[in-house]
Q: 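Please find one structure pasted underneath; my questions will follow.
All residue numbers in this chain count up from 1 along the given sequence.
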Amino acid sequence: MDDLTFGKRNKRGDWAPANRIEIAPVFVLPPQPFAFLKWLPHYFLPWNLLFAASAVAYWYFAVPETEALKTLHWGWVLRLFAINSLAVFLFYGAFELRLYILRRQGNRFKYNGKFPGDASNPAFLFNSQNLDGIIRTFASGVPIWTAIEVGLLHASANGWGPWVSLAEHPWYLFCLALVLPLWHEAHFFAIHRLIHWGPLYRLIHSVHHNSVNPSPWSSLSMHPVEQLLYFSSALVHLIIPSNPILAIYQLHYAGFGAVVGHLGFDKIELGEEAAIDSHAYTHYLHHKFFEVNYGDGLVPFDKWFGTWHDGTADGDARMQARYEKRKARANAENTAQ
């Protein structure tokens with residue numbers, strides 16, 4: 001595909017989409033019913049439907065029987081950890097292999113024209129962004145993911161919490177499944193803003209922001225505290241009436257969904273004329289500029305709080321105006337002291 005049909009490339013080889021990023025037409029006034037209906041298929045396809053399907057398959061083929069879940073035992077716990085590790089390795093690794101090792105697309109649709117594997121970087125373990133990401137993913141990311149999953153499954157098997165069955169409440173659980181991505185967005189925005197606070201940023205979140213040019217293994221390349229906060233979105237299922245399949249969906253949405261925002265490519269080519277949109281540009285701009293797009297635009301928190309960057313020159317100007325305003329405020333405080 002010709003990526004210049006859809007965007008532009010600068011002298012450094014960085015590609016950017018031609019159109020501005022749009023907020024999802026959900027929480028907008030006045031309502032935009034036609035825009036909403038046009039957008040709705042993108043809410044499900046391909047990613048949300050994929051993660052929902054993976055959760056159902058995981059429940060039926062990986063999770064032990066309820067009687068086994070009632071008792072914590074290393075056998076089934078380690079089995080789930082092994083399955084999660086293998087799934088992450090295959091899912092993340094497939095994108096890494098195709099886009100960054102085999103480079104089947106070259107740098108077509110790639111936001112940053114450089115490939116992080118081409119140069120060493122002392123900011124990372126062993127001077128390698130990929131090794132750093134792989135180590136942090138499997139040493140702490142997947143274990144934390146699995147620990148929360150084990151806790152939720154153990155709780156549901158023992159009836160600890162307001163769990164409800166699919167047979168008795170199908171429509172309620174279907175509606176809950178529809179809004180779980182909105183909860184993920186709200187939770188992610190809240191913890192993301194929190195760990196951008198100076199001391200927490202330096203101690204915790206700076207690890208993730210070492211990946212200025214993110215790639216698939218950057219997805220869970222985080223400090224363990226950030227990984228714990230990130231996956232804690234699933235703990236809401238201990239509070240609201242829910243079902244263990246939806247708890248797994250929440251974890252899959254967070255765990256597998258993390259890679260989508262860190263692909264570094266706007267489109268994944270499927271052939272000469274077909275491609276899947278990654279919708280990764282919103283989060284890429286956060287990695288590039290640090291203090292914009294704390295959310296992904298599903299819920300317009302960034303617009304409400306003045307940190308939205310739509311990928312245009314106007315977005316750059318608004319961002320720069322915020323920087324200048326903050327700089328002036330800091331200078332005034334220093335002068336007063």
Side-chain angles (χ1 to χ4, degrees), residues 116 121-125 129 131-148 151 181-215 217-236 238-239 250-251 253-255 257-262 280 282-309 318-320 322-334 337:
N121 188 331
F124 298 103
L125 297 173
Q129 181 169 314
L131 282 178
D132 184 282
I134 291 170
I135 291 169
R136 293 183 187 278
T137 295
F138 293 107
S140 56
V142 178
I144 289 171
W145 170 353
T146 306
I148 292 175
L182 303 179
W183 162 247
H184 173 87
E185 178 90 349
H187 176 271
F188 177 66
F189 184 86
I191 65 164
H192 201 178
R193 288 293 279 161
L194 173 66
I195 57 180
H196 265 267
W197 176 54
L200 292 182
Y201 179 87
R202 290 188 291 272
L203 289 171
I204 297 171
H205 194 45
S206 59
V207 171
H208 187 62
H209 267 287
N210 286 334
S211 299
V212 177
N213 180 12
S215 58
W217 288 113
S218 304
S219 306
L220 292 181
S221 182
M222 307 171 182
H223 189 284
V225 172
E226 181 175 356
Q227 292 166 339
L228 180 61
L229 289 171
Y230 181 66
F231 284 111
S232 69
S233 63
L235 297 180
V236 71
L238 293 173
I239 302 171
Q250 188 87 67
L251 288 166
Y253 188 92
V259 76
V260 178
H262 296 87
T282 304
H283 194 63
Y284 169 77
L285 290 175
H286 177 76
H287 276 265
K288 182 178 181 180
F289 296 125
F290 287 72
E291 296 184 11
V292 299
N293 298 358
Y294 293 95
D296 290 325
L298 180 58
V299 183
F301 290 114
D302 283 292
K303 273 204 168 182
W304 295 340
F305 289 94
T307 53
W308 177 244
H309 195 309
R318 290 191 296 269
M319 177 182 67
Q320 193 60 41
R322 289 196 304 274
Y323 291 161
E324 294 298 330
K325 187 175 181 180
R326 186 176 60 189
K327 182 179 177 181
R329 186 166 58 246
N331 290 337
E333 290 175 356
N334 291 334
Q337 292 175 358

Q: Would you check, one step at a time, whether the test side-chain contact (heavy atoms from CB on, under 4.5 Å) holds for Val292 with Asp302?
A: CA-CA 8 Å; Val292 299; Asp302 283 292; over 6 Å; no
Q: Between the main-chain N or O of Phe124 and the side-chain N or O of Asn210, is there a donor-acceptor pair closer than 3.5 Å?
A: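 Side chain of Asn210 to backbone of Phe124, a donor-acceptor pair under 3.5 Å: no, none is there.
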Q: Can you list the residues that meet the salt bridge (charged side-chain N to carboxylate O under 4.0 Å, His left out) rule with Arg326, with sequence neighbours excluded?
A: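 If we apply the salt bridge (charged side-chain N to carboxylate O under 4.0 Å, His left out) test to Arg326, skipping adjacent residues, the hits are Glu291.
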Q: If you compare all heavy atoms of Gly306 against all heavy atoms of Arg322, which two are closest, and at what distance to 0.1 Å?
A: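 Shortest heavy-atom separation between Gly306 and Arg322 comes out as O-NH1, 2.9 Å.
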Q: Is there a donor-acceptor pair closer than 3.5 Å between any side-chain N or O of Asn121 and the backbone N or O of Ala123?
A: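 It does hold such a pair.
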Q: Using the ring-ring contact (aromatic ring centres under 6.0 Å, His included) criterion, which residues pair with His184? Sequence neighbours excluded.
A: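 For His184 the ring-ring contact (aromatic ring centres under 6.0 Å, His included) partners, ignoring immediate neighbours, are Tyr230, Tyr253.
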Q: With sequence neighbours left out, which residue pairs that include part of residues 131-144 fulfil the salt bridge (Lys or Arg N to Asp or Glu O under 4.0 Å) condition?
A: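 Qualifying pairs: Asp132-Arg136.
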Q: Should Arg193 and Phe301 be marked as a side-chain contact (heavy atoms from CB on, under 4.5 Å) after you check the CA-CA gap, both sets of side-chain angles, and the distance that decides it?
A: CA-CA 11 Å; Arg193 288 293 279 161; Phe301 290 114; over 6 Å; no
Q: Test your reading of the model: is there a side-chain donor-acceptor pair from Ser232 to the backbone of Leu229, 3.5 Å cut-off?
A: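 Yes; judged by distance alone, with no hydrogens or angles, the pair exists.
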Q: Between His208 and His262, do the side chains contain an N or O donor and an N or O acceptor separated by less than 3.5 Å?
A: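 Per modelled atom types, His208 and His262 side chains form a pair under 3.5 Å.
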Q: With under 30° as parallel and over 60° as perpendicular, where do the rings of His205 and His286 fit, or are they tilted in between?
A: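 Tilted.
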Q: Do you know the tightest heavy-atom contact between Trp308 and Gly297?
A: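 Heavy atoms of Trp308 and Gly297 come nearest at CZ3-CA, 4.3 Å.
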Q: Please step through ring-ring contact (aromatic ring centres under 6.0 Å, His included) for the pair Tyr294 and Phe305, ending with a clear verdict.
A: CA-CA 10 Å; Tyr294 293 95; Phe305 289 94; 9.5 Å; no
Q: Tell me whether Trp183 contacts the main-chain N or O of Ser233 through its side chain, where contact means a donor paired with an acceptor under 3.5 Å.
A: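 Side chain of Trp183 to backbone of Ser233, a donor-acceptor pair under 3.5 Å: yes, one is there.
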